[in-house]
Undergrad: 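Can you read through this structure? Questions will come right after.
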Amino acid sequence: MHDVRSKNPDLKLLLAVGGWNHGTKPFTRIVANQSNMDAFATNSIKFLRQNGFDGLDLDWEYPANRGSPPEDKERFTSLVKTLRTKYDNEDLRNGNSRLLLTAAVAASKPEIESAYEISKIAENLDFINLMAFDMNSDFYNGTQCNTPLYKSQTPYEANNVTKYIMDNGLGGGMMWALDLDDFHGVCGQGKNPLMKTMKDVFSGKPGLDFVPTALPVVG
């Protein structure tokens with residue numbers, strides 16, 4: 001993985017900690033008190049530097065959800081602040097750049113509102129990755145292209161998520177994988193509808209208040 005730097009010396013490699021299968025309990029133990037958070041932050045610096053990473057991506061799915069107590073919402077903010085403080089105060093006399101700190105967060109509004117103090121964590125994160133790759137799943141009674149745009153069976157998500165990013169002052173939106181888009185227009189909405197919709201909303205293009213279509217009747 002590190003060999004790709006030979007092709008792009010400016011590439012930044014982040015280590016992601018967490019994930020769905022990781023669960024919430026390890027994070028809940030870390031944020032239980034300030035001493036644990038300080039130790040985690042200090043140890044993370046040592047591990048990242050020893051292994052050639054440029055920063056840490058927090059992938060707690062999700063604070064105050066899935067068995068994580070309600071107070072973990074505020075404690076996650078404290079963890080982010082603790083990490084930022086430790087990273088900013090690291091001795092960089094050896095020529096290293098400051099470590100990056102990012103987070104992967106839920107894309108669903110209920111989880112966003114219950115899990116994060118958005119304005120507070122945004123102050124201390126270099127950027128936020130919105131996990132918008134599960135917009136279509138087995139909770140719908142039909143199959144379709146994995147491009148959740150208007151005039152499809154899942155009409156709201158791409159437009160609404162992008163607007164949510166703007167309304168809450170976030171830095172931008174990340175597509176988890178480019179192959180989520182429709183490069184050849186086989187879904188009937190032209191080429192690259194996901195990237196096009198996000199670009200149009202971010203640029204303030206008028207005429208994007210679409211009327212959603214109904215789900216098909218599955219007999």
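These numbers were taken from a predicted model, which means no experiment stands behind them.
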Undergrad: Side-chain polar contacts of residues 26-42 - donor-acceptor pairs under 3.5 angstrom, sequence neighbours left out - could you list them?
TA:
{"from": "Thr28", "atom 1": "OG1", "to": "Thr24", "atom 2": "O", "distance (Å)": "3.2"}
{"from": "Thr28", "atom 1": "OG1", "to": "Asp72", "atom 2": "OD2", "distance (Å)": "2.7"}
{"from": "Asn33", "atom 1": "OD1", "to": "Ser35", "atom 2": "N", "distance (Å)": "3.2"}
{"from": "Asn33", "atom 1": "OD1", "to": "Asn36", "atom 2": "N", "distance (Å)": "2.7"}
{"from": "Gln34", "atom 1": "NE2", "to": "Asp38", "atom 2": "OD1", "distance (Å)": "2.9"}
{"from": "Gln34", "atom 1": "NE2", "to": "Thr82", "atom 2": "OG1", "distance (Å)": "3.0"}
{"from": "Asn36", "atom 1": "ND2", "to": "Arg29", "atom 2": "O", "distance (Å)": "2.8"}
{"from": "Thr42", "atom 1": "OG1", "to": "Asp38", "atom 2": "O", "distance (Å)": "3.0"}

Undergrad: Mind checking what makes salt bridge (charged side-chain N to carboxylate O under 4.0 Å, His left out) contact with Glu123, not counting sequence neighbours?
TA: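 Glu123: no salt bridge (charged side-chain N to carboxylate O under 4.0 Å, His left out) contacts found.
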
Undergrad: Do Leu83 and Leu58 have side chains that get closer than 4.5 Å, going by heavy atoms?
TA: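 When only atoms from C-beta onward are counted, Leu58 and Leu83 do touch, with a gap below 4.5 Å.
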
Undergrad: Which residues pass the salt bridge (charged side-chain N to carboxylate O under 4.0 Å, His left out) test with Asp91, sequence neighbours left out?
TA: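 Once residues adjacent in sequence are excluded, the partners of Asp91 under the salt bridge (charged side-chain N to carboxylate O under 4.0 Å, His left out) criterion are Arg93.
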
Undergrad: By side chain to side chain donor-acceptor pair (under 3.5 Å), which residues pair with Arg66, not counting sequence neighbours?
TA: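 None.
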
Undergrad: Does Lys196 have any salt bridge (charged side-chain N to carboxylate O under 4.0 Å, His left out) partners at least two apart in sequence or in another chain, and if so, which?
TA: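 Partners of Lys196 by the salt bridge (charged side-chain N to carboxylate O under 4.0 Å, His left out) criterion, ordered by chain and then number, come out as Asp200.
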
Undergrad: For the residue pair Leu15 and Asn51, establish whether any side-chain heavy-atom pair is separated by less than 4.5 Å.
TA: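 In short, these two side chains do not touch, never coming nearer than 4.5 Å.
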
Undergrad: Report the C-alpha separation of Ser108 and Glu111 in whole Å, then their side-chain angles, then the decisive distance to 0.1 Å, and conclude whether the side-chain hydrogen bond (donor to acceptor under 3.5 Å, both in side chains) test is met.
TA: CA-CA 6 Å; Ser108 172; Glu111 280 78 20; 2.7 Å; yes

Undergrad: I'd like to check Met131 versus Glu61 (side-chain heavy atoms, cut-off strictly below 4.5 Å). Are they in contact?
TA: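 Yes, side chains in contact.
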
Undergrad: Looking at residues at least two apart in the chain, or sitting in another chain, which of them share a side chain to side chain contact (heavy atoms under 4.5 Å, CB included) with Lys191?
TA: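 By the side chain to side chain contact (heavy atoms under 4.5 Å, CB included) rule, Lys191 matches no residue at all.
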
Undergrad: Please name all residues satisfying side chain to side chain contact (heavy atoms under 4.5 Å, CB included) with Ala115, sequence neighbours left out, ordered by chain then number.
TA: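 Applying side chain to side chain contact (heavy atoms under 4.5 Å, CB included) to Ala115 gives Tyr62, Pro63, Asn65.
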
Undergrad: Mind checking side chain to side chain contact (heavy atoms under 4.5 Å, CB included) for Asn21 and listing every partner two or more places apart, or none if nothing turns up?
TA: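 Checked Asn21 against side chain to side chain contact (heavy atoms under 4.5 Å, CB included); zero matches.
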
Undergrad: Give a yes or no on whether Lys81 atom NZ has more than 12 heavy-atom contacts from other residues, nucleotides or ligands under 6.0 Å away.
TA: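 At most 12 heavy atoms, drawn from other residues, nucleotides or ligands, come within 6.0 Å of this atom.
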
Undergrad: We want to know whether Ser44 and Tyr87 form a side-chain donor-acceptor pair, criterion being a heavy-atom distance below 3.5 angstrom.
TA: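 Present: a donor and an acceptor within the cut-off.
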
Undergrad: Just verifying a value: how many Å separate Leu14 CG and Leu48 CG, rounded to the nearest 0.5 Å?
TA: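 Those atoms lie 9.0 Å apart.
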
Undergrad: What's the spacing between Asp59 CG and Asn129 CG if we round to 0.5 Å?
TA: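 That separation rounds to 9.0 Å.
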
Undergrad: Nearest 0.5 angstrom please: Lys12 NZ to Asp54 CG, how far?
TA: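 Rounded to the nearest 0.5 Å, the NZ-CG separation comes to 5.0 Å.
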
Undergrad: Parallel, tilted or perpendicular: which one describes the rings of Phe53 and Phe47, with boundaries at 30° and 60°?
TA: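 Parallel, since the angle between the ring planes stays under 30°.
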
Undergrad: Hey, could you give me the CG/CZ distance between Asn89 and Arg84, rounded to the nearest 0.5 Å?
TA: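 Going from CG on Asn89 over to CZ on Arg84, the span is 10.5 Å.
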
Undergrad: Ile112, Met166: one ILVMFWY side-chain cluster at the under-4.5 Å cut-off?
TA: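 In one cluster: yes.
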
Undergrad: Pair up each side-chain donor or acceptor in residues 96-106 with any protein partner under 3.5 Å, not counting sequence neighbours, and list the distances.
TA:
{"from": "Asn96", "atom 1": "ND2", "to": "Asn94", "atom 2": "OD1", "distance (Å)": "3.3"}
{"from": "Arg98", "atom 1": "NH2", "to": "Asp126", "atom 2": "OD1", "distance (Å)": "3.0"}
{"from": "Thr102", "atom 1": "OG1", "to": "Asp57", "atom 2": "OD1", "distance (Å)": "2.6"}

Undergrad: For the CG atom of Leu56 and the NZ atom of Lys86, what is their distance to the nearest 0.5 Å?
TA: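 Here the rounded value is 14.5 Å.
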
Undergrad: Return the set of residues passing side chain to side chain contact (heavy atoms under 4.5 Å, CB included) with Lys199 (not counting sequence neighbours), or none when no residue passes.
TA: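 Side chain to side chain contact (heavy atoms under 4.5 Å, CB included) list for Lys199, sorted by chain: empty.
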
Undergrad: By salt bridge (charged side-chain N to carboxylate O under 4.0 Å, His left out), which residues pair with Lys120, not counting sequence neighbours?
TA: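 Partners of Lys120 by the salt bridge (charged side-chain N to carboxylate O under 4.0 Å, His left out) criterion, ordered by chain and then number, come out as Glu117.
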
